There are 2 protein chains.
Amino acid sequence: MGATTGIKDVARLAGVSVGTVSNVLNHPERVAEATRLRVRQAIAELGFVRNDSARQLRAGNSRQIAIVVLDVTNPFFTDVVRGAEMAAEDHGVLVVVCNSSESVDRERRHLDVLEEQRVRGVLITPVDDAHTSRLELLIARGTPVVLVDRGSGWPSRCSVAVDDVFGGRLAAEHLIARGHRRVAFVGGPMSIQQVIDRHRGFSAALGKTARLITVDTPNLTVTSGRVAAGQLAELPAQQRPTAVFCANDLLALGVLQGLTHRGLRVPEDVAIVGYDDIEFAAAAAVPLSSVRQPREQLGRTATELLLDEIQANGDHQHRHVLFQPELVVRASTEKVP
Amino acid sequence: MGATTGIKDVARLAGVSVGTVSNVLNHPERVAEATRLRVRQAIAELGFVRNDSARQLRAGNSRQIAIVVLDVTNPFFTDVVRGAEMAAEDHGVLVVVCNSSESVDRERRHLDVLEEQRVRGVLITPVDDAHTSRLELLIARGTPVVLVDRGSGWPSRCSVAVDDVFGGRLAAEHLIARGHRRVAFVGGPMSIQQVIDRHRGFSAALGKTARLITVDTPNLTVTSGRVAAGQLAELPAQQRPTAVFCANDLLALGVLQGLTHRGLRVPEDVAIVGYDDIEFAAAAAVPLSSVRQPREQLGRTATELLLDEIQANGDHQHRHVLFQPELVVRASTEKVP
DNA sequence: GGGTGCTTGTGAAACGTTTCATCGTCTCGC
DNA sequence: GCGAGACGATGAAACGTTTCACAAGCACCC
């Protein structure tokens with residue numbers, strides 16, 4: 001314990017110099033086979049484990065990248081993380097996962113530590129577009145950064161995001177094709193860019209073909225969905241929408257519960273389309289149609305952009321990758337025979 | 001970038017020695033206020049960021065612990081992670097999250113890297129009780145390890161887990177109190193210790209009071225739940241159980257769907273109790289009664305045990321903490337008026 | 001037999017901190 | 001006016017690696 005065995009001990013036991021041991025570790029081809037074997041044997045015998053701090057100190061940088069997410073318990077982000085991990089693994093790079101828990105302060109502290117660790121790069125969904133000075137400092141000092149799900153406002157960085165306007169359009173086209181002419185949008189608050197975009201795409205694609213009622217919600221939770229369902233159910237049948245598009249799946253689940261509770265059938269009386277395609281969309285009492293985002297792909301691509309920027313020393317073109325979501329159709333919009 | 005500013009540059013600008021700068025960083029009270037301010041000013045001016053590798057190299061150990069989980073996308077583990085993070089934060093320690101994805105090989109690689117990083121300790125749910133040699137090596141070389149949700153078989157380590165036998169009992173007592181005398185257990189495969197324990201506790205608490213039908217499932221998914229519901233629904237009404245206890249919430253959601261689909265009402269015809277109390281248990285079409293595990297508490301306690309072992313140099317008593325789950329009662333077992 | 005080139009191995013100099021023994025300077029009490 | 005402390009600051013020695021200029025040995029060719 002106390003006296004950790006170092007490269008020196010290995011060298012002594014194998015009867016070579018420390019430089020040779022280091023070469024066995026990092027450039028085995030420079031060492032004659034016999035020597036290499038002898039050193040390997042000594043390493044095994046002593047249970048030597050390389051001290052990464054010393055290596056990093058000498059090398060000047062680490063072999064890890066970090067991903068800072070808003071919420072580790074959110075399925076969206078865990079999938080993004082998994083995608084990032086897979087891509088990083090392919091390149092022999094390690095991913096450190098940090099959780100800002102939507103707190104500006106915690107985000108700042110994480111960036112402090114990451115910079116002390118000299119991580120090679122950072123993937124991040126910033127908590128707040130207004131408090132980014134710490135992040136800008138990191139960038140200014142030379143750490144590559146890729147923005148995840150926050151395309152706008154950072155033209156000078158790489159970013160990956162999903163096209164929410166298009167997602168809204170997908171939902172609208174699907175409902176129109178199913179013959180709906182009175183539809184509702186449930187979502188909010190309208191300060192969230194994602195909600196705005198989904199609403200915009202939805203509304204634009206409806207055009208004059210269908211009438212749109214917008215129900216603004218205070219947040220994106222199941223409870224808000226239930227409340228919204230109440231408002232819709234109270235309308236006289238002739239004015240009541242025959243389909244609802246929700247800004248995320250939690251709302252959709254709430255709307256489903258609320259409507260069912262009031263005796264309206266899904267999809268016969270009211271069809272529902274959600275957003276995100278979380279695992280439980282398929283497992284709901286009436287499986288939900290939903291707009292699916294390529295979450296893993298998001299993480300994977302972000303990582304590849306980052307690694308590219310790290311490797312291409314200097315001459316790197318920043319890119320903004322926008323993914324197209326897809327609609328997954330299930331029972332909540334498809335009348336079962 | 002290339003020429004990173006170090007403690008030396010700060011010292012020069014502030015007109016002091018490097019030792020003094022280091023003291024400002026680590027033992028501010030040893031430095032006179034005027035000097036301290038001057039140094040701080042220089043640090044800010046140069047944008048100096050301490051190099052953690054060098055610090056660690058000198059100090060001999062890091063200030064981070066690691067948690068190795070089976071699956072980052074599983075809500076159970078993300079909550080455990082959050083608990084660990086919270087506890088660690090209180091002690092100024094950092095948590096590195098590693099994802100073994102239930103792969104023995106990936107677990108081994110993670111442990112390799114963590115040992116090179118000289119983490120202070122490791123929280124881990126081992127992938128496989130049969131392939132633990134890498135972990136034992138880590139322990140043998142002196143890194144403290146606490147086992148999470150894997151109590152048995154490691155008497156010589158600290159561990160935290162939840163009492164699954166008691167959880168089964170809770171479900172049984174609740175159903176008996178509600179007057180059920182024909183009940184079913186849905187879960188499997190019976191090779192999983194957790195499933196065995198839940199079944200055992202459930203069965204034992206029923207005793208002779210109620211008749212038990214056990215439906216063995218191939219796994220713990222929503223689909224399996226639906227299939228199981230089909231089997232139950234086919235029974236003639238006099239033999240059909242009036243309540244079902246499922247080994248986890250996914251199964252329970254599947255059973256709920258399956259029963260509803262076949263025209264049986266929950267809870268009027270059949271009551272359901274799930275296990276885990278995942279977020280969607282409350283959001284289901286019929287909100288599910290469920291046995292809740294203190295997931296965050298699990299992570300928090302594991303971290304505290306680990307930190308205790310780290311601090312108490314040598315004289316540390318290994319402990320095995322077993323948490324008691326609690327029953328959350330919702331509409332799926334409570335006839336709504 | 002001397003020059004050339006290749007393969008292996010060497011050993012010391014970094015890398016940027018922290019620590020620690022030491023030294024100067026002040027203050028205070030007598 | 002002197003010794004005892006307290007207080008601040010110093011600078012060199014670690015920490016364990018990687019790198020790099022160089023040397024030793026050997027084979028080969030003219």
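All chains are named by letter (A, B, ...) in the order of the sequence lines, taking the proteins before the strands, and each is independently numbered beginning at 1. Quick caveat: nothing in here was measured; it's all calculated off a predicted structure.
- In this structure, B/Arg40 has no salt bridge (Lys or Arg N to Asp or Glu O under 4.0 Å) partners at least two apart in sequence or on a different chain.
- For B/His27, counting side-chain heavy atoms from C-beta on, the closest listed nucleotide (C/dT17, D/dC15, C/dT19) is C/dT19.
- Where A/Ala59 and B/Arg50 each meet DNA chain C at their nearest nucleotide, the meeting point lying more 5' is that of A/Ala59.
- Checking side-chain atoms of A/Glu107 against main-chain N and O of A/Val127 turns up a donor-acceptor pair under 3.5 Å.
- Rounded to an integer number of Å, the gap from B/Leu46 CG to C/dG16 C1' is 15 Å.
- Salt-bridge check for A/Asp112 with A/Arg134: passed, with a basic side-chain N closer than 4.0 Å to an acidic carboxylate O.
- Following rounding to the nearest Å, A/Ile7 (CD1) and D/dA14 (P) show an atom-to-atom distance of 19 Å.
- Between the side chain of A/Thr73 and the backbone N or O of B/Thr78, no donor-acceptor pair lies under 3.5 Å.
- Electrostatic pairing of A/Arg157 and A/Glu309 counts as a salt bridge here, judged by a charged N lying under 4.0 Å from a carboxylate O.
- Regarding B/Arg12, its CZ atom lies at a distance of 14 Å from the P atom of D/dT10, rounded to whole Å.
- At the heavy-atom level, A/Asn26 lies under 4.0 Å from the strands shown only through sugar-phosphate atoms.
- Considering only heavy atoms from C-beta on, B/Gln64 comes within 4.5 Å of A/Gln117 through its side chain.
- Between the CG atom of B/Asn61 and the C1' atom of D/dG16 there is a distance of 14 Å, given to the nearest Å.
- Using a cut-off of 4.0 Å between Lys/Arg side-chain N and Asp/Glu carboxylate O, A/Asp105 and A/Arg108 are scored as salt-bridged.
- Taking atom CZ of residue B/Arg55 and atom P of nucleotide C/dT17, one finds them 11 Å apart after rounding to whole Å.
- One can place CZ of B/Arg118 at 11 Å from C1' of D/dT17, the figure rounded to the nearest angstrom.
- Taking atom CG of B/Asp52 as the reference point, atom P of C/dC15 lies 19 Å away to the nearest angstrom.
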Below 3.5 Å is the cut-off: list the nitrogen or oxygen pairs between protein and nucleotides 9-11 of chain C, distance only.
residue, atom, partner, partner atom, Å
C/dG9, OP1, A/Thr35, OG1, 2.3
C/dG9, OP2, A/Ala32, N, 3.0
C/dG9, OP2, A/Thr35, OG1, 3.4
C/dT10, OP2, A/Ser17, N, 2.9
C/dT10, OP2, A/Ser17, OG, 3.2
C/dT10, OP2, A/Thr20, OG1, 2.9

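- At C/dC15, none of the side-chain N or O atoms of B/Ser53 fall inside 4.0 Å of OP1 or OP2 (strictly under the cut-off).
- If you measure from atom NZ of B/Lys8 to atom P of C/dG16, you get 7 Å, rounded to the nearest angstrom.
- A donor and an acceptor atom sit less than 3.5 Å apart, one in the side chain of B/Arg58 and one in the base of C/dT18.
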